[in-house]
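One structure is given below, encoded as structure tokens.
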Amino acid sequence: MNKSDGCRCIATELYGAKPSSVVVTTPIYYINGAPHIGHAYASIAADVIARFHRLDGSKVHLSTGTDEHGIKVARSAETIPMDVQKFADQMSDKFREMNRAINLSEDDFIRTTENRHRESAQALWKLLEKDIYKDTYSGWYSARDEEYVAAEDVVDGNAPSGAPVEWMEEESYFFRLSAYQDRLLDYYDKHPDFIAPPSRRNEVINFVKNGLRDFSISRNKFDWGVPVPDSNDHVMYVWIDALANYITSLGFPHNREYVSEMMANCIHVVGKEILRFHAVYWPAFLMSAGISVPKRVFAHGWWVSEGQKMSKSIGNVVDPFEIIEKCGIDSLRYFLLREIRFGEDGDFSNDAFQRRISYDLANDLGNLVQRVLVFIQKLDGRLSVNYDFSSEEQILFVHARGLWDSLRQLMEKQDLHGALCCIWDLVSESNKFINDMRPWELARTDVRRLNAVLTTLCESIRAIAFGLAPFMPGTARKIFDFMNVEGKSFRELSINFSDVRFDPPAPLFPRER
Ligand code: MSP
């Protein structure tokens, strides 16, 4: 490695500016119950994707919010009993609280009871009118799933999800979904990455190939919803209202061109059970309205708790607030995204969680940072300029400098788990490098070599912290603070470690709280 490209690497040069727009969305949450780990998971994943793209130089819009209409919410308020709007206000606040607790970097929090959303949902309806007709609906409805259920799918009075169904017979508006079958199939064919992970794609294609039926998009025996335009007695079906949130957040119905352009750069993070709404109904609505279809719908899996489906009656619902209070948000963010591949189902077990915290975080990462910074304290908190790098050091440099590019490739596919594994490869390599280089001996025998070794390790830790920033923003910030680069953004961070005054480190992951 020569002097000019020695350890003076400038993040902006390395990582390159990539000024594009990315929209990332979380589902909007039903407010009939308190936020739990499943909600936190969807939002944390979306947050990581958003933060990654922001750090990568894109202009990002991350939206989240609450889905407040529908029978389920109205009934929850009734059973208290409480005015439904007041109930919605209270419950929606709990999700805002969750967002603060999980360190969500949202740009917009949208409530479907807001005026801007009513205006947007109604404007969307108007654009769909050519595909809307009135008829009578009679069939089964699952209030818990807020979903119509085909007669052949009802078993013992329950929907496939296990939720009870009720018979409904009412006048209703219908959306001509059947007319979109071929266009949707053509779209999936031309955009093979629209549905992710790839394993979910066939599931959706088969569903569409089996034939799409027109479906009911209004209710008239019930009024907790967005009124259908020009109708006195119908409110919109909660899903058409809910899906519209994504364009409301972009400013719809104003500035339609911009909204359409942004939708084309949109990544929806959704749970697997609501993939069909996002990958079939939603694109059909957008096609009908002349708005671009999103770039990607990523369906994540479901968490169970200690091997069992979470349920209030079993008492095994994982409360994100409790875990965050006890172990810190970054530990939770790490566990959720590292324990399973993004897209697969997972088991939230206390043992597995503790194992990740103590092995991966405290031992691997925490000790790496601690060891290096403690050594630097032995040099009075300063490294001297030293460009005399051995081949081992150069190998680690190359790995460290390539990290962001590798992460970028993985994050293009929303492979959040792969990205964390990739960061941990560098953590392991750096720990191995310490063991091989034996800095404790160099401290006695060769201070010049010691400086080169520690400089290399600082470069590696810097790359690790930069890569970690979307996943564990607080931890990344702590590492940068130890390195005394407070006030500089990660992207601006220009490294000449001989200018840096290192502070004595505190443990990154204190074991007890
Ligand atoms: N309101 C609809 C979404 C409308 S989006 C236009 C809804 N809300 S929900 O509150 O029921 O679920 C929101 C998200 O939480 C879903 O993506 C769902 O997959 C996720 N999770 C709820 N429980 C979960 C787990 N146990 N594990 C992982 N995620 C799960 O559906």
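The first residue of the sequence shown is numbered 1, and numbering continues consecutively from there. Read the numbers this way: they start at 1 and go in the same order the structure lists the ligands and their atoms.
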Heavy-atom donor-acceptor pair, K94 side chain to A34 backbone, under 3.5 Å: no

Give the atom numbers and elements of ligand 1 that come within less than 4.0 Å of a heavy atom of D67. 1 (N), 2 (C), 4 (C)

Quick one: which ligand 1 atoms are inside 4.0 Å of a heavy atom on A242? 6 (C)

Hey, is F277 one of the residues with a heavy atom under 4.0 angstrom from ligand 1? no

Using non-hydrogen atoms of the residue, decide whether G301 is closer than 4.0 angstrom to ligand 1. yes

Here the gap from M262 atom CE to Y246 atom OH, rounded to the nearest 0.5 Å, amounts to 15.5 Å

Provide, to 0.1 Å, the distance between atom 29 (N) of ligand 1 and the closest protein heavy atom, together with that atom's residue and name. H300 CE1, 3.3 Å

Got the closest protein heavy atom to atom 18 (C) of ligand 1, with its distance? E273 OE2, 3.1 Å

Give the intermediate values and the outcome of ring pair (Phe, Tyr, Trp, His ring centres under 6.0 Å) for residues F194 and Y187. CA-CA 9 Å; F194 171 56; Y187 190 83; 5.3 Å; yes

Under 3.5 Å, N or O to N or O, is [X] touching ligand 1 that way?
| X | result |
| --- | --- |
| W239 | no |
| P27 | no |
| W303 | yes |
| I28 | yes |

Before accepting this row, confirm whether a basic side-chain N of the pair R201/D193 lies closer than 4.0 Å to the acidic partner's carboxylate O. no

Which residue pairs satisfy the side-chain hydrogen bond (donor to acceptor under 3.5 Å, both in side chains) criterion with at least one member in residues 219-229, sequence neighbours excluded? E170-R219

